[in-house]
*Asks:* 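Sharing a structure, written as structure tokens. Questions coming.
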Amino acid sequence: GIQVEQSPPDLILQEGANSTLRCNFSDSVNNLQWFHQNPWGQLINLFYIPSGTKQNGRLSATTVATERYSLLYISSSQTTDSGVYFCAADNYGQNFVFGPGTRLSVLP
Amino acid sequence: GAVVSQHPSRVICKSGTSVKIECRSLDFQATTMFWYRQFPKQSLMLMATSNEGSKATYEQGVEKDKFLINHASLTLSTLTVTSAHPEDSSFYICSAMRWGNEQYFGPGTRLTVT
């Protein structure tokens, strides 16, 4: 099945800084999503983005399907952005596979 | 829209007992729901795919007799952990697929088996 990698595994930022999180996947994708898992465990949908670019406030994401990667941009980070960011993908008819996550800490 | 609930949010049970976890899609119908397990500081691992009106499909290594899944309606799937043991303690999360392929996740259930 598809394999999903994420980098960096851990990231510490000062409030107000910008960051880029990367997701690499091993095969063509039918679905790719970015999630934020808050400290209580809730997964919050950020983007459904199997291809192209989307923006939502301070967050944006770009997936280059032909090169098998996706990027999540966080601008002007806030302490509430802290948590774990996951990307997950599936390859037509196969299971939805989660990457290992990027643990983000935003310091005040 | 696209809200998924889970109940209970936390449960503590004794070894050998069974626990049922409910997953509901509140504002949409979901023919397919998924059950995941997450151990501390790890990623989510798919346990099974639940389709309304048919038997669940389990991932390799997941015991179907231990983790009973019932998808009785288009808005409800249940996971029953039978004869629970301490190693079953984990965070269980369900998701529901709305139109297309996008999955929406419930808030999770933290199971502790003593």
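Below, read A as the first sequence line, B as the second, and so on, with proteins coming before strands; counting in each chain starts at 1.
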*Asks:* Would you sort out whether B:N51 and B:T32 count as a side chain to side chain donor-acceptor pair (under 3.5 Å), showing the intermediate values?
*Replies:* CA-CA 5 Å; B:N51 292 295; B:T32 304; 3.0 Å; yes
*Asks:* Under 4.5 Å from any heavy atom of chain A, what part of B:L46 do you find: side chain, backbone, both or neither?
*Replies:*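 Interface part for B:L46: side chain.
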*Asks:* Less than 4.0 angstrom from a charged side-chain N to a carboxylate O is my criterion; do B:E22 and B:K20 meet it?
*Replies:*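 No, B:E22 and B:K20 are not salt-bridged.
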*Asks:* Pairs of donor and acceptor atoms involving the side chains of residues 96-108 of chain A, under 3.5 Å and at least two apart or interchain, shall be tabulated with distances.
*Replies:*
{"unit_1": "A:T102", "atom_1": "OG1", "unit_2": "A:P8", "atom_2": "O", "d": "2.6"}

*Asks:* Given that the side chain runs from C-beta out, which part of B:F91 has a heavy atom under 4.5 Å from chain A: side chain, backbone, both or neither?
*Replies:*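 Side chain of B:F91 only, per the 4.5 Å heavy-atom cut-off to chain A.
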*Asks:* Pick one of side chain, backbone, both or neither for B:Q38, based on which atoms fall under 4.5 Å of a heavy atom in chain A.
*Replies:*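 The side chain, not the backbone.
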*Asks:* Does either side chain, that of A:N95 or that of B:E59, offer a donor lying less than 3.5 Å from an acceptor on the other one?
*Replies:*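 Yes, a side-chain donor-acceptor pair sits under 3.5 Å.
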*Asks:* Less than 4.5 Å to any heavy atom of chain A: does that hold for the side chain of B:Y36, its backbone, both, or neither?
*Replies:*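 Side chain only.
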